[in-house]
Amino acid sequence: MHDAFFRVPMTVELPNGDARTLSSAAEAAIFMMETWPEEHGERFRDALQACTGSLSTADDVENARRAFWQLRRRLA
């Protein structure tokens with residue numbers, strides 16, 4: 001998987017107060033696999049698939065960012 005950078009990085013705040021800024025689909029995928037604090041449901045699987053799937057266009061990368069953003073909103 002190549003590192004497909006987001007146009008706008010996003011910051012994720014965890015329930016314990018720690019924050020992490022993610023700049024790419026690869027960083028988001030690694031974060032989800034290693035750090036995601038909640039149960040892995042359908043939204044998690046969709047976001048992980050988007051971040052690890054084909055990211056050959058800017059639209060693909062933006063769709064991955066959007067999928068992760070939807071998942072991230074659940075932590076807020």
Side-chain angles (χ1 to χ4, degrees):
M1 169 174 51
H2 73 287
D3 215 359
F5 288 94
F6 298 145
R7 282 185 284 153
V8 178
M10 66 177 71
T11 300
V12 179
E13 187 172 330
L14 296 168
N16 67 3
D18 289 345
R20 175 122 178 242
T21 298
L22 305 173
S23 300
S24 70
E27 287 179 354
I30 291 167
F31 176 82
M32 284 186 281
M33 290 185 286
E34 294 180 352
T35 311
W36 194 252
E38 294 184 352
E39 195 169 315
H40 299 174
E42 183 178 344
R43 207 175 278 194
F44 176 91
R45 287 188 303 274
D46 290 346
L48 185 59
Q49 183 176 2
C51 288
T52 58
S54 175
L55 298 168
S56 57
T57 69
D59 285 343
D60 293 337
V61 176
E62 184 56 28
N63 287 337
R65 184 184 186 282
R66 194 174 299 118
F68 183 79
W69 181 258
Q70 291 298 317
L71 179 67
R72 175 222 164 267
R73 289 178 57 197
R74 294 188 62 186
L75 290 178

(request) Please name the pair of heavy atoms, one in L22 and one in F6, separated by the smallest distance, quoted to 0.1 Å. (result) O-CD1, 3.8 Å

(request) Can you establish whether the number of heavy atoms outside Q49 located under 6.0 Å from its atom CD is more than 12? (result) no

(message) Assess the residue pair M32 and F68 against the criterion (side chain to side chain contact (heavy atoms under 4.5 Å, CB included)); give the C-alpha distance rounded to whole Å, side-chain angles, the decisive distance to 0.1 Å, and a yes or no.
(response) CA-CA 9 Å; M32 284 186 281; F68 183 79; 3.6 Å; yes

(request) Find the distance between CD (E62) and CZ (R7) and round it off to the nearest 0.5 Å. (result) 4.5 Å

(message) Can you list everything that forms a side-chain hydrogen bond (donor to acceptor under 3.5 Å, both in side chains) with D60? Sequence neighbours excluded, please.
(response) S56, T57

(message) Could you check whether any side-chain N or O of R65 sits under 3.5 Å from a backbone N or O of V8, counting only pairs where one atom can act as donor and the other as acceptor?
(response) yes

(message) To the closest 0.5 Å, what do you measure between OG (S24) and CD1 (I30)?
(response) 7.5 Å

(request) Answer yes or no on whether R66 is positioned over the face of W69, meaning its NZ or CZ is under 6.0 Å from the six-membered ring centre and within 45° of the axis. (result) no

(request) Indicate the atoms forming the closest heavy-atom contact of T52 with A29, along with that distance. (result) CG2-CB, 3.7 Å

(request) Carefully, step by step, assess L71 and F44 under the rule side chain to side chain contact (heavy atoms under 4.5 Å, CB included). (result) CA-CA 6 Å; L71 179 67; F44 176 91; 4.0 Å; yes

(request) Work out which heavy atom in R72 is nearest to a heavy atom in M10; give both atom names and the distance. (result) CD-SD, 4.5 Å

(message) Which heavy atom of A67 sits nearest to which heavy atom of A47, and what is that distance?
(response) O-CB, 3.7 Å

(message) Tell me the closest heavy-atom pair linking T35 and R20, and the distance in Å.
(response) OG1-NH1, 4.4 Å

(message) On a heavy-atom basis, which atom in A64 and which in A50 lie closest, and how many Å separate them?
(response) CB-O, 3.4 Å

